[in-house]
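Pasting a structure below so you can have a look.
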Amino acid sequence: MSTGIVDTPSAGGGLKIGLFGGTFNPIHLGHLRSAEEIREIFALDRIYFVPAARPPHRSEGTLVSAAQRLKMVELAVADNPFFQASAVELERTGPSYSVDTIRHFRDELGPAALFFVVGLDAFREIHTWKDYASIPSLCHLIVTSRPGVASPSPEQLLPVALQPALWYDSTHKMYRHTSGHFLVFHEIHGLQISASQVRVLLRQRKSIRYLVPPTVAAYIADNALYQSEELA
Ligand code: ATP
């Protein structure tokens, strides 16, 4: 019987560590469920959730503080031994660039195989990221899309600067990089939840029950987060 686990032949038998970045403004069950699916399918040993302290592509006005977003991530992952919150982007100064975070974990984790998990929406903008062409030489890339989200074919999504270094492995249905890393587009089942939806509900003083973990809902209520117009 199929386990549904995606064969990741270049992982080398060592630890397999996922990195899941985001603004997490706030973290919600859609993030957690997609990470759980990815962990299971790619047989990851751990996933670090890395809130962006100063996301280069977002205006500060829409965010609650990085410390508050990190706290909500900590609360959200507390009951899952495979998940861990990371403060690494809060400990750096300047904009939170993914490549710096990936390099940090690369140095920290030695021989572990790193899997950078990124949503298709964010991946489409990868050509605007700092040093993006070097990312596939540092880690595997798992690009997640949600069912029903119409997406162009993978070839159309690969940024031009990545194309010469990647080729398609039709046996494993993934792109491979000269470094031995792969890039795979993976459709998750996921949950139709977005942080913007949660913020809108909060601004309207409506319930967010079943959209975020209860501990996160309690933290938001205790700190009266996302109540003002400009945070929607
Ligand atoms: P916003 O609504 O403010 O844009 P968001 O809910 O998309 O926020 P982010 O923190 O920007 O949350 O997302 C971090 C990553 O999680 C992104 O790569 C995004 O594609 C992915 N993601 C967000 N919501 C979901 C979901 N419901 N299912 C799967 N992945 C998701």
Side-chain angles (χ1 to χ4, degrees), residues 18-42 44 47-77 80 83 85-90 95-99 101-102 115-129 132 135 139-151 157 183-204 208 210-213 216-217 220 225-226 228-232:
L19 302 179
F20 186 25
T23 44
F24 301 126
N25 185 40
I27 190 165
H28 52 69
L29 295 181
H31 295 129
L32 292 161
R33 181 60 213 166
S34 70
E36 180 68 357
E37 280 187 41
I38 293 294
R39 182 193 68 74
E40 198 163 48
I41 289 165
F42 290 89
L44 302 183
I47 295 186
Y48 287 97
F49 287 65
V50 191
R54 286 161 294 275
H57 302 294
R58 293 244 183 167
S59 83
E60 294 264 341
T62 62
L63 294 175
V64 301
S65 78
Q68 288 171 321
R69 289 181 287 111
L70 173 66
K71 183 66 197 172
M72 291 188 278
V73 170
E74 286 170 351
L75 291 167
V77 302
N80 187 332
F83 289 175
S86 167
V88 64
E89 294 195 355
L90 280 73
S96 305
Y97 294 116
S98 297
V99 70
T101 298
I102 295 166
F115 296 71
F116 187 70
V117 182
V118 57
L120 184 58
D121 50 348
F123 182 74
R124 283 189 170 135
E125 305 296 317
I126 197 172
H127 59 280
T128 66
W129 297 9
Y132 74 95
I135 293 179
C139 60
H140 302 290
L141 277 160
I142 301 172
V143 184
T144 59
S145 61
R146 305 173 217 177
V149 175
S151 59
L157 283 171
L183 180 158
V184 63
F185 290 89
H186 187 79
E187 189 177 286
I188 50 165
H189 289 97
L191 299 171
Q192 290 292 352
I193 303 173
S194 70
S196 342
Q197 175 197 4
V198 173
R199 294 195 301 273
V200 167
L201 291 171
L202 287 162
R203 200 188 57 199
Q204 297 172 343
I208 55 164
Y210 311 123
L211 297 177
V212 303
V216 172
I220 290 172
L225 301 184
Y226 304 109
S228 63
E229 292 290 319
E230 64 275 16
L231 288 177

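For ligands, and for the atoms within them, numbers begin at 1 and follow the listed sequence.
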Does L191 approach ligand 1 within less than 4.0 angstrom via side chain, backbone, both or neither, non-hydrogen atoms only?
-> backbone
Mind checking whether I193 has an N or O less than 3.5 Å away from an N or O of ligand 1?
-> yes
H186 backbone acceptor or donor facing T144 side chain under 3.5 Å | no
Could you tell me which atoms of ligand 1, counted from 1 in the order shown, lie closer than 4.0 angstrom to a heavy atom of G21?
-> 14 (C), 15 (C)
Could R39 and E36 be called an ion pair, given the rule that one side-chain N must be under 4.0 Å from one carboxylate O?
-> yes
If we number the atoms of ligand 1 from 1 as shown, the ones under 4.0 Å from a heavy atom of S196 are 1 (P), 2 (O), 3 (O), 4 (O)
Can an N or O of D121 be found at a distance shorter than 3.5 Å from an N or O of ligand 1?
-> yes
Could an N or O of ligand 1 be found under 3.5 Å from any N or O of A122, whether backbone or side chain?
-> no
So which bit of R33 gets within less than 4.0 Å of ligand 1, heavy atoms only: side chain, backbone, both or neither?
-> neither
For ligand 1, find out whether one of its N or O atoms is nearer than 3.5 Å to an N or O atom of F24.
-> yes
Which is closest to atom 24 (N) of ligand 1 in terms of heavy atoms, H189, H28, E37?
-> H28
Decide yes or no for L211 and L29: does some side-chain heavy atom of the first lie under 4.5 Å from some side-chain heavy atom of the second?
-> no
Exercise: identify the closest heavy-atom pair between V73 and F49 = CG1-CB, 3.6 Å
Kindly confirm or rule out an N or O of V118 lying under 3.5 angstrom from an N or O of ligand 1.
-> no
Give the contacting part of S34 toward ligand 1: side chain, backbone, both or neither, where contact means a heavy-atom distance below 4.0 Å.
-> side chain
Under 3.5 Å: donor-acceptor pair, side chain of R54, backbone of A66 = no
Short version for R199: what comes under 4.0 Å of ligand 1, heavy atoms counted, is side chain
Quick one: does V216's side chain get under 4.5 Å of M72's, heavy atoms only?
-> yes
Report yes if T23 has an N/O atom closer than 3.5 Å to an N/O atom of ligand 1; otherwise report no.
-> yes
Short side-chain donor-acceptor distance under 3.5 Å, S65 and Q68 = yes
Consider every N or O of L120 and every N or O of ligand 1, then say whether any pair is closer than 3.5 Å.
-> no
